[in-house]
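Values reported hereafter were calculated over all heavy atoms of this structure, with side chains retained and with hydrogens, waters and symmetry mates removed. Residues: numbered from 1 along the sequence shown. Just follow the structure's listing: the first ligand is 1, and inside any ligand the first atom is 1.
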Amino acid sequence: MAGTILVTGSTGTIGGEVARQLIAAGIRPRLLVRDPAKAREFEGKADIVKGDLGDAASLERAMRGVEKLFLVGSGVDGQALEAKAIDAAKKAGVKHVVKLSLLGAQEEAITFARWHRPVEKQLEASGLAWTFLRPVNFMSNMLGNIGSIKGQGAFYQPTGEGKTSVIDPADVGAVAVKALTEPGHEGKAYPLTGPEALSGAEQAAVLTKALGREVKFVDVPPDAAKQAMVGTGMPAAYVDALLDLLAAMKVGRTATVTDSVQKVTGRKPGTFADWARRHAAAFK
Ligand SMILES: NC(=O)c1ccc[n+]([C@@H]2O[C@H](COP(=O)([O-])OP(=O)(O)OC[C@H]3O[C@@H](n4cnc5c(N)ncnc54)[C@H](OP(=O)(O)O)[C@@H]3O)[C@@H](O)[C@H]2O)c1
């Protein structure tokens, strides 16, 4: 019988997909969560362990008897948290870690890549089996624009004509589930993208159709985007990392389209139009 799969980040976007899709496949995962109240949808379907990636004792408890780990770090401290989790996984005898990383992490050209690559390197040197999922920007990031789309029929982004091959989080989850449940993914790094690269204006056109009312893309100067992000209370280091990514988007560095989703899952990645139709209600 297959050993236990521990999923981190299950109250977030990709970890949530992974937990839901494992459960749908008839597997009962273990979930490390900071606040079990946020994981109510998984009650009775998963073993929920309260803990924190920064707390060694809770990591030790959560990792006991685990064979495979789905690892999500997030925020400015993500790298340090993931480092702790990898140390704990090694101590606990975990065999395989599937790490959520970032498209182009290996090039370390942008700040987020420079946060992820050291964790990848730690795994490469750990003696554990590893798989790196390196997705481009998630389609779900558009949910961060609900306020302005509802209020002003627009979203504001300093990306000009730059195109991004946005990916449906469900596809990242599907690749993770394959890597966690089938052999042959050890030592692989998958660059994951959606099926086509779209500019902000093209995404706005897709949303306009899905919502049945006009949505505009407004290109803004990076400084204006910075002021808006600082105004939300985001840590300065995170704002700078985002601006770095947005600048890369503007010059087309996130426009690559890969066939990894299809190769690993056997089906084509979902389109932004599909995603927008499924999430239209959230913008109304
Ligand atoms: N967004 C994108 O377009 C994109 C693209 C490529 C790669 N990525 C990478 O994807 C990762 C983020 O994934 P996501 O968007 O799925 O995450 P998310 O939705 O932001 O959720 C983060 C998850 O991590 C949990 N978490 C945070 N700190 C924790 C801690 N100290 N201990 C235990 N759990 C903790 C959160 O739990 P709580 O619910 O308790 O907060 C939540 O479940 C980042 O590494 C990012 O660089 C993102």
I'd like to know if Lys121 and Glu108 make a salt bridge, using a cut-off of under 4.0 Å between side-chain N and carboxylate O. yes
Would you mind telling me if ligand 1 is within reach of the side chain of Ser140, the backbone, both or neither, using heavy atoms under 4.0 Å? neither
Between ligand 1 and Ile14, is the shortest N or O to N or O distance under 3.5 Å? yes
Decide, yes or no, whether a salt bridge links Lys84 with Asp77 under the criterion of side-chain N to carboxylate O below 4.0 Å. no
Could you check, using the six-membered ring where one of them is a Trp, whether Tyr238 and Phe112 have ring centers closer than 6.0 angstrom? yes
Report yes or no: does a heavy atom of Gly75 sit under 4.0 Å from some atom of ligand 1? no
Looking only at the aromatic ring of each residue, does the gap between the centers of Tyr190 and Phe132 stay below 6.0 angstrom? no
Please report whether ligand 1 has a polar contact with Thr13, defined as an N or O pair separated by less than 3.5 Å (distance criterion only). yes
When you look for heavy atoms under 4.0 Å from ligand 1, do you find them on the side chain of Val33, its backbone, both, or neither? neither
Contacting atoms of ligand 1, where contact means under 4.0 angstrom from a heavy atom of Pro135: 6 (C)
Which atoms from ligand 1 have a heavy atom of Asn141 less than 4.0 Å away? 1 (N), 2 (C), 3 (O)
Tell me which one of Asp168, Asp171, Asp259 satisfies salt bridge (Lys or Arg N to Asp or Glu O under 4.0 Å) with Arg267. Asp171
